[in-house]
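The structure under discussion appears below in the form of structure tokens.
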Amino acid sequence: MTYKEFQIALIELNLNIKDFAQILGMNPNSITNHKLKGFIPLQLAILVNLMQELHKNNLDYLDVIDKTKRIFSINIIEN
């Protein structure tokens, strides 16, 4: 996915890069650094595409992400 396609996808989700980074617990600079390369890593492309698909199907991607974060936190605490 090109960086421009990524930016368009975020606009469709009503997000900016700062919002996207915050949702994923990332530093926004870690994302914007990919602008010079012209494309984003596969992991970020997959995430933004999944978020778009959930959004298009009237499903709240934030609920899915929050649930994943909770499960992750519980696993860390238990281990």
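In what follows, every heavy atom counts, from backbone to side chain, and hydrogens, waters and symmetry copies are set aside.
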Close side-chain approach of [X] to [Y], heavy-atom, < 4.5 Å:
{"X": "L44", "Y": "L24", "answer": "yes"}
{"X": "N16", "Y": "L10", "answer": "no"}
{"X": "F39", "Y": "F6", "answer": "no"}
{"X": "Y61", "Y": "L15", "answer": "yes"}
{"X": "K67", "Y": "R70", "answer": "yes"}

E12 CD: over 12 foreign heavy atoms closer than 6.0 Å =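 Yes - once you tally the heavy atoms of other residues, nucleotides and ligands closer than 6.0 Å, there are more than 12.
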Can you tell me how far the [atom1] atom of [X] sits from the [atom2] atom of [Y], to the nearest 0.5 Å?
{"X": "N58", "Y": "H55", "atom1": "CG", "atom2": "NE2", "value": "8.0 Å"}
{"X": "D60", "Y": "M51", "atom1": "CG", "atom2": "CE", "value": "9.5 Å"}
{"X": "L47", "Y": "I40", "atom1": "CG", "atom2": "CD1", "value": "8.5 Å"}
{"X": "I74", "Y": "I71", "atom1": "CD1", "atom2": "CD1", "value": "7.0 Å"}
{"X": "Y3", "Y": "T32", "atom1": "OH", "atom2": "OG1", "value": "5.5 Å"}
{"X": "D19", "Y": "N14", "atom1": "CG", "atom2": "CG", "value": "9.5 Å"}

Do the side chain of [X] and the main chain of [Y] share a donor and acceptor less than 3.5 angstrom apart?
{"X": "S73", "Y": "K69", "answer": "yes"}
{"X": "E5", "Y": "T2", "answer": "yes"}
{"X": "N57", "Y": "L59", "answer": "no"}

Test of understanding: clusters of I, L, V, M, F, W, Y form through side-chain heavy atoms closer than 4.5 Å, transitively. Do [X] and [Y] belong to the same one?
{"X": "F20", "Y": "L50", "value": "no"}
{"X": "M26", "Y": "I17", "value": "yes"}
{"X": "I23", "Y": "I8", "value": "no"}

Criterion side-chain contact (heavy atoms from CB on, under 4.5 Å) on L54 and D63, from CA distance to verdict = CA-CA 10 Å; L54 288 168; D63 285 344; over 6 Å; no
